[in-house]
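Written below as structure tokens is the structure these notes are about.
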Amino acid sequence: MSVDALTPVAAEGAALTPARSGWIPGTSAIRFGGDYNPEQWPREIWLEDVALMKEAGINLVSVGIFSWALLEPREGEYDFAFLDDLLGLLHENGIDVDLGTPTAAPPAWFYRTYPDARPVTRDGLPLGFGSRGIMSPSSSDYRRAATAIADRLARRYADHPAVVLWHVHNEYGAPVTESYDDASVANFRRWLQTRYGSIAALNAAWGTTFWGQIYAGFDEIDAPRQSASVTNPAHRLDFARFSSDALLECFRLERDAIRAHATQPITTNFMASTCPSVDLWRWADEVDIVSNDHYLTAARLDAHVMLAMDADLTRSLAGGKPWILMEHSTSAVNWQPRNIAKKPGELARNTVAHLARGADAVLFFQFRASRFGAEKFHSAMLPHAGRDSRTWREITALGGLLGAAEELRDSRVRAEVAIVWSWESFWAQDLEWRPSVDLSHRERIEETYRTLWESGVTVDFVHPAADLRGYRAVFAPALYLIDEEGADNLRAFVENGGTLAVGSFSGIVDENDAVPAGPHPGRLRDTLGLVIEEFLPLREGHSAEVRWTASDAAAPVTEAPRRAAHEDSAPLSATVWADDIVLQGAHAEAIFTTGPASGGPAITRNALGAGSAWYISAAFDGADQSAIVDRVLADAGVTVTTPAEGLECVERIGDDGARWLIVLNHAEEPRELAAAGVDLATGERVTGSAVVPAGGVRILRVS
Ligand code: GLA
């Protein structure tokens, strides 16, 4: 169903030409700055702030994101004095503004007047005032109020010279996506009517003959509330789709209200890989510029790899065009169990990692640390320790580095390897009563990504139905749900010469969470050249041994250039899963030698048309996973240049063929790599090899 089928409520006169293809107008510099919340400070501090912003080279700040209570102190009574003053001051000082609509945090009067606009949890609890992101996306009162304040702001500031970008709402979907209030139920019924047309079609799609759930009309349908046990998975899946779309309707209302008056680009800050409840493939084309928030998960030692994954996903959502890192942190956040401070140099390394992967704007949450409220222990560009602090020194140094890197603007990152990412499939797989609780789509994708990251392979993420021409290898580590369009697309990719690698428990259901007729893996059977007679999941903590088949030496797979040390004779250790596979054209590259599928295929390859499709029927980790990925890459003809351990190297390429190599050293010792070019920060000419200091970064214009 197209998003256009949703309730089409646009602001009157949404007629101005949107700046869809544009970038943030104004300076050609890399945009650098952060959220700025001066409501929390007296005006004399604002003066100090703008002076410090200039000192650090800050050229863009996001304001107004939490200002609704100040701007509209009583319903329909507006007071823009604070914002007039602030925008004027910023403009006088040459600092541009990303103007937020404050609709993630409605004022207290709103909740008193419209208590029904509060979201209701699945088990029936209405959430209270006091946090942010607390509203039912389907509430007509919320939508009206949000559209009204967006309209007022746009009328007033459309022509303000400080405003170069509009920032709608804040992090749609966090912390609440699904709401079980009455307005949501009514809106869900409308959404279902649009999707299915008739109740008979819905009954068929949802398989309501199971457990006698047949509906006589749409008005019998409720949100999938907490019940005695598991509820209809197709109902749950559609409610997840609907909930993501309901938020998108909210975004579109505000965006169109702004667009009726303003020509600057409009964005909203995504949480690409970290908000699991919003299908951003459906949102990406709705914003003029993709922007993203990313915070390290401090507990993870590979947090920098997950940062890279998030940045690659964001670039992919942006269709390869430049994007904005709207928020990250200078050091610790305040909302994780243990909020670990960043080490010296990590701040710049994180920022430059986003830049390397296509961001042309890098901003932080937030400029000045809050003294009060829920986020007073969150790091900031200007911490409580003030200007005489490591953080501030690193921020000013970063401003200098980004200034020197201006020529990177508008260059692109190219990838010949992609990973399939499908929110719909994740939602479906995460429902109850799956064959094993150890199946994790996220874990499989992360492990595949990590292996590719370690090999220095730059990765795009793709929707299953995306245009895959241009990729040599496509990995689908976890694609439980696939519709016909996606399955046909993957098959065509292989037939046309691509190499596809599909992970276990993929292709199992269609778009309604129903098993396609016949054996698993349904719509992927022919592409993979096999059928699965039975799932054979392993017990907790158990593993099965897998060995490459002897005939593998003669297989069309050439030895991968890296990790040649991996012995073909060494067994691999499979966990979580196994299948009872019957080959129907595919070749067993590796077989289980122990475990429930012992003697059967574990890793298969099907030659199809001009390409090949691999199936990996278990979870593998570390060196074993690398050995498998290497074979797939070699089969695809992908040249791998593995960097030294801890080095991350990404290339950006200009329209005219100019190339920049961005190198990050995550190791605790200096690292050397072969390179020739000019260091943008120091002007040093590098010939033959470049040393990257421990924890440091280098940006080289490649000669
Ligand atoms: C989110 C929000 C910000 C702030 C940060 C703290 O990203 O958008 O307003 O709360 O988290 O990490």
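Order of listing sets the numbers, starting from 1, for every ligand and every atom in it. The chain is numbered in sequence order, starting from 1. Side-chain atoms are counted along with the backbone in the values below, which use heavy atoms only and exclude waters and symmetry mates. Computed from a predicted structure; not experimentally measured.
- Panel note: side chain T147, backbone E254; no donor-acceptor pair is recorded below 3.5 Å.
- Partner R156 forms a salt bridge (charged side-chain N to carboxylate O under 4.0 Å, His left out) with one of D79, D151, D84 and no other, that one being D84.
- The ligand atoms of ligand 1 that sit less than 4.0 angstrom from a heavy atom of E171 are 1 (C), 2 (C), 7 (O), 8 (O).
- Using a 4.0 Å cut-off to heavy atoms of N170, the atoms of ligand 1 that qualify are 2 (C), 8 (O), 9 (O).
- Below 30°, between 30° and 60°, or above 60°: for F242 and F188 the angle between ring planes is between 30° and 60°, a tilted geometry.
- R241 is listed as a side-chain neighbour of W191, based on a closest heavy-atom distance under 4.5 Å.
- Among protein heavy atoms, the minimum distance from atom 2 (C) of ligand 1 is reached at E327 OE1, 3.4 Å.
- Closest to atom 4 (C) of ligand 1 among all protein heavy atoms lies E375 OE2, 3.2 Å.
- In the vicinity of F66, heavy-atom distances shorter than 4.0 Å reach the ligand 1 atoms 9 (O).
- Applying side-chain contact (heavy atoms from CB on, under 4.5 Å) to F367 and the options D35, I58, V61 leaves one that passes, I58.
- Of all the atoms in ligand 1, the ones that sit under 4.0 Å from a non-hydrogen atom of D293 are 7 (O), 8 (O).
- Counting the atoms of ligand 1 from 1 in the order shown, those under 4.0 Å from a heavy atom of W335 are 6 (C), 12 (O).
- The closest approach between R132 and ligand 1 falls below 4.0 Å for a heavy atom of the residue.
- Rounded to the nearest 0.5 Å, atoms CG (D310) and NE2 (H328) are 12.0 Å apart.
- With respect to atom 6 (C) of ligand 1, the closest heavy atom belonging to the protein is H378 NE2, 3.1 Å.
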